[in-house]
Amino acid sequence: MKEEKIDQFITLVYATMPQLRTHYVKPHRGSTVKNPPHAVICLFILEKYEKISMGELADRMGVSNQQITRIIGQLEEDNCVRREVNGSNRRQVDVTLLEEGKSRAERYRELTL
């Protein structure tokens, strides 16, 4: 029961992140880390789940499937994440956070605290 409440709370927090991103996720001026706010939120979510489907990630972020595809594509080019087809359901694409993504999430966390 307690775990369900915590998961519900986390889901609500992630749902409000797009509204809060300009104040709490956007890096300070002069920062060398350059990712759009949605990409940063995506890294934070992947840091918690490590492997998640594209559809579930889009739901948690409150964005469309087309937007999440673009965001993940950019993060994939930067070697932060890896996309792979799910072995049991070929229509589902899973996203995994890589080491570069973990280090970027940590740097963003330091910039925003």
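Just the heavy atoms: all of them, side chains too, but no hydrogens, waters or symmetry mates, feed the values below.
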Pairing residues for Glu77 by the salt bridge (Lys or Arg N to Asp or Glu O under 4.0 Å) criterion, not counting sequence neighbours
none
Salt-bridged, Glu106 to Arg104, with N to O below 4.0 Å?
no
May I ask you to test the Glu100-Asp78 pair for a side-chain heavy-atom distance under 4.5 Å?
no
Do Met54 and Arg83 make a side-chain contact, defined as non-hydrogen atoms from C-beta onward lying under 4.5 Å apart?
yes
Where is the tightest heavy-atom contact between Ile72 and Val81, given as atom of each residue plus distance?
O-CG2, 3.9 Å
Nearest 0.5 Å, what's the CD-OG1 distance between Gln74 and Thr69?
13.0 Å
Do the side chains of Leu75 and Cys42 get nearer than 4.5 Å, heavy atoms only?
yes
Residue list, side-chain hydrogen bond (donor to acceptor under 3.5 Å, both in side chains) with Gln66, at least two apart or on another chain:
Ser64
Check whether Leu98 and Ile52 end up in the same hydrophobic cluster, where Ile, Leu, Val, Met, Phe, Trp and Tyr are linked by side-chain heavy atoms less than 4.5 Å apart.
no
Tightest non-hydrogen contact, residues Ala58 and Asn65, listed as CB-OD1, 3.7 Å
Working to the nearest 0.5 Å, report the span between CD1 of Ile68 and OG of Ser53.
10.0 Å
Report yes if some heavy atom in the side chain of Gln92 is under 4.5 Å from a heavy atom in the side chain of Val85; otherwise report no.
no
Step by step, would you call Thr96 with Glu84 a side chain to side chain contact (heavy atoms under 4.5 Å, CB included)?
CA-CA 8 Å; Thr96 307; Glu84 49 194 22; 3.7 Å; yes
Residue pair Leu97 / Lys51, side-chain heavy-atom distance below 4.5 Å
no
List the steps, then state whether side chain to side chain contact (heavy atoms under 4.5 Å, CB included) holds for Arg109 with Glu47.
CA-CA 11 Å; Arg109 187 171 289 103; Glu47 195 175 38; 2.4 Å; yes
Side chains of Leu43 and Cys80 in contact at under 4.5 Å (non-hydrogen atoms):
yes
Quick one: CD on Gln67 to NE2 on His38, what's the gap to the nearest 0.5 Å?
6.0 Å
Any side-chain heavy-atom pair of Ser103 and Arg107 under 4.5 Å
yes
